[in-house]
Amino acid sequence: MKSKAAIITLLAAHFSLFAPLLLAQEFDFVQKVSPFPMQGRNGEAVDFPFLGGFNAPRPQLVDIDGDGDLDLFIQEESASSDSPGRLMYFENIGTPQIFKYVWRTNAYQDLDVGNWYKFIDMDADGDFDLFTENSLGSIRYWQNSGGANQAGFVLTADSLRDAQNALIVFDVGSLPEIADIDCDGDADLFIGRSAAGTISFYENIGLSAQDIPIFKFVTDSFQDISIIGQAIGNSAPTTDNTGETRALARHGNSSLSIVDINNDLDSDIFWGDFFETSLIFLENSGNCAVPDIAITSREFPLQEPLLSAGFNAPRFDDIDADGDLDMFVAVLGGAFAPTGNLASNLYFYRNTGSSTAPAFALVDTQFVSMLDVAAHAMPAFVDIDNDGDLDMFIGNEADPDSPLTAQSARLYFFENNGAVDAPEFALASKDYLENDFSFSFAPTFADIDGDNDFDLFIGDWSGRLAFLENTGSAGSPDFPTVIENYADIDVGNYCTPAFIDIDADGDLDLFTGELDGSLNFYRNTATASVPVFFLEDEKFATIDMGDYSTPFFKDVDNDGDWDLLVGSDANGLMLFRNTGTAKNPVFAQDSALSVKVQSRSAPALVDVDADGDLDLFVGSEKGGLLFFDNLEPEESTPVDFALLQNYPNPFNSGTTILFGTEKGVLAAADASQLAIYNLNGQMIREWSFADTGNSALQTIHWDGTDALGNNVSSGVYFSRLRSHSGRVVTGKMLLLR
């Protein structure tokens, strides 16, 4: 057997200090969209897994940095009463022929673009200027004062007026176009009109003394075009301006794109309409001087027509620098089956023909690949296969791939196939339960019957709580039966459950969020293995999130009691610290947490990369997750107070933890507490020490059991040594059963 001196020497050779185990009083979260690898169902890499999901993306490709390739802008977030419209920016770090995009920001130059934007060089100085919405359909003009290589936008006109000084207004929800229809070298303005299905035309007649473009109003019925959309329901037939009989005269929001699609030196028009499942192609059979534009086809591309939920926004550019125009189509969501395009809504068609005879082949329905489960993503993290790392589950609201007509919700399973400190998630199942029984799945896992495996609970839109008992084991779970109304719990609408031992009595209590923004507290009045839940409070801690609430408990300040993080619909995330005790909690709101999230936020605080601090995942209404890395700086700990690496490590039946320093000078006298935590931040065991002044060697032997003497499962555990003066050092251990 090795002597204590030999053990100290061996441990000193592997000495390391770790960051604090859990979040301190302040937070330093930074959003990352590609923090670790993720794979889709067929093993393909997901480029931007944590963008948060797209429901109505509006793209434009433009070389904003003057390096010869096309960068990508996407507006997903429209303006609202309390939030500006923002532009996502993806830089192309590839080549003009082979694009490779990296995400740079969700708020390009902090510009407020309202509900519409268009980059175009209006003053012919070689860089891109910008048009955006101001409010209620008026138009702002931003001049690029930075240049072609480093754009910088200055607001030049807050609300554009025409040559007669009349305010130019477009229909809110429709997307105008700015293009050179008359081949005179400047761009004219076109606005689709929702009520009439027509196009208003403003001719560009030059620049003002302030270099602001001047548009002269010409007509509200350009080329006598009138778009009548497809029918919904029963109605009397009508005939549109092409002579085609339509079942219902409907006009809706429109998106215009004007390009010379067949390289015949005149401009054609593409129209996406709220009441059209495809694109309308209006070919120009005239010329620049005398255009003659009429509907050629109501389905486009001709070879493989796009069919979607409607309101399709086409954009054209040469993404591969081969001399012809490729096509991108954003599905903004029209009058037809909107669920089907909540995840697949940014189509990329490559031009496999030529510049004069284009032929479009569909390459992808999600040009920006990300984790997107359609709508209302609800995450849950658990080591479901007992391999020591956290796996990921996501419930959604309604799934477009559900075989049921009603498109009920599903539970997605992403298995963690990486190392415990280097996660790699792969989509293992889009229908983990293989049981489509309701809508708006809010999953959570808990060992509700004390048999050392995780059972599954799912709240749903009806306000009830479903229970799926794990009849398998910790490493091989099996959930064969759904009990759709567990314990007769019904909160009204949108039940979002969380199980936690809130009163430190050894059993799990239940909290549920709901549609009205409050929290319901059900106390377990029985035992850990045979729970009985009693509704004690329908307005727990008087918390009111407005509309919709999603609770998540975590000991964020490492004081031995549970704190509470709650997501909401419009009010973001709120943190409530427990200012009471583990047995008698008292919650008070804390403003230390400030992150930009989306509507219907569903939080999860977990140490997914086993680096000793908690990272933040937030599900959203858009069907994706946001990820925020905790960049809390490491504490600077004096060398006379340290925690040496446990021995052996990894271990099976037990391990020895020693206090010391790299030089072997022991400092046990200042030690106050040694605690063991699991990967979820839960305290497993603790030892307390009196300040005796004795600096002799201190060792603790941990046999891999919790405070009740039960064996804990395989996985990563953290040892944390606290001093009487408040200093903290942590270590990391691996238990392999």
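Excluded from the calculations below are hydrogen atoms, water molecules and symmetry mates; all remaining heavy atoms, backbone and side chain alike, are included. The structure presented is a predicted model; accordingly, all values stated were derived computationally and were not measured.
Ion pairing between a basic and an acidic side chain is recognised when a charged N comes within 4.0 Å of a carboxylate O; R577 and D590 show such pairing. With salt bridges taken as basic N to acidic carboxylate O contacts below 4.0 Å, none links R685 and D706. Electrostatic pairing of R410 and D401 does not count as a salt bridge here, judged by no charged N lying under 4.0 Å from a carboxylate O. Under a 4.0 Å N-O distance rule, the pair K539/D516 qualifies as a salt bridge. Between D503 and R523, at least one side-chain N (NZ, or NE/NH1/NH2) sits under 4.0 Å from a carboxylate O, which counts as a salt bridge. Between E77 and K596 there is a salt bridge, since at least one side-chain N of the basic residue sits less than 4.0 Å from a carboxylate O of the acidic one. The residues R86 and E76 are annotated as not salt-bridged, no charged nitrogen and carboxylate oxygen being separated by less than 4.0 angstrom.
For F499 and F553, the ring centers sit 6.0 Å or farther from each other. Between F533 and Y522, the gap from one ring centroid to the other reaches at least 6.0 Å. Taking the ring centroids of F540 and F587, they lie under the 6.0 Å cut-off. Remark: aromatic rings of F425 and F36 are close, center separation under 6.0 Å. The distance between the ring centers of F439 and H376 does not fall below 6.0 angstrom.
Across D501 and L508, no two heavy atoms sit closer than the pair N-CD2, 3.9 Å. Closest approach of P531 and Y486 over heavy atoms only: CG-OH, 3.7 Å. Shortest non-hydrogen contact noted between A610 and V716 is CB-CG1, 4.4 Å. For the residue pair N386 and S713, the shortest heavy atom distance occurs at OD1-CB, 3.2 Å. Nearest approach of L427 to G40, heavy atoms of both residues: CB-C, 3.9 Å.
Using a 3.5 Å distance cut-off with no hydrogens or angles, the side chains of Q31 and N106 do pair a donor with an acceptor. When only modelled atom types and interatomic distance are considered, S34 and W103 share no side-chain donor-acceptor pair under 3.5 Å. In summary, the side chains of D399 and Y412 do present a donor paired with an acceptor at a separation below 3.5 Å, with no hydrogens or angles considered. Between the side chains of E514 and N520, at least one donor N or O lies within less than 3.5 Å of an accepting N or O.
A distance of 13.0 Å separates CD1 in I448 from CG in L468, rounded to the nearest 0.5 Å.
The main-chain N or O of V331 is never found under 3.5 Å from a side-chain atom of N341 such that the two would form a donor-acceptor pair.
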Walk me through it: do T705 and D703 pass the test side-chain hydrogen bond (donor to acceptor under 3.5 Å, both in side chains)? CA-CA 6 Å; T705 63; D703 60 2; 2.6 Å; yes

For a side chain to side chain contact (heavy atoms under 4.5 Å, CB included) check, start with the C-alpha distance between F521 and T512, then their side-chain angles and the critical distance, and finish with the verdict. CA-CA 7 Å; F521 170 43; T512 64; over 6 Å; no

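A tilted orientation is assigned to the rings of F445 and F393, their planes being inclined by 30° to 60°.
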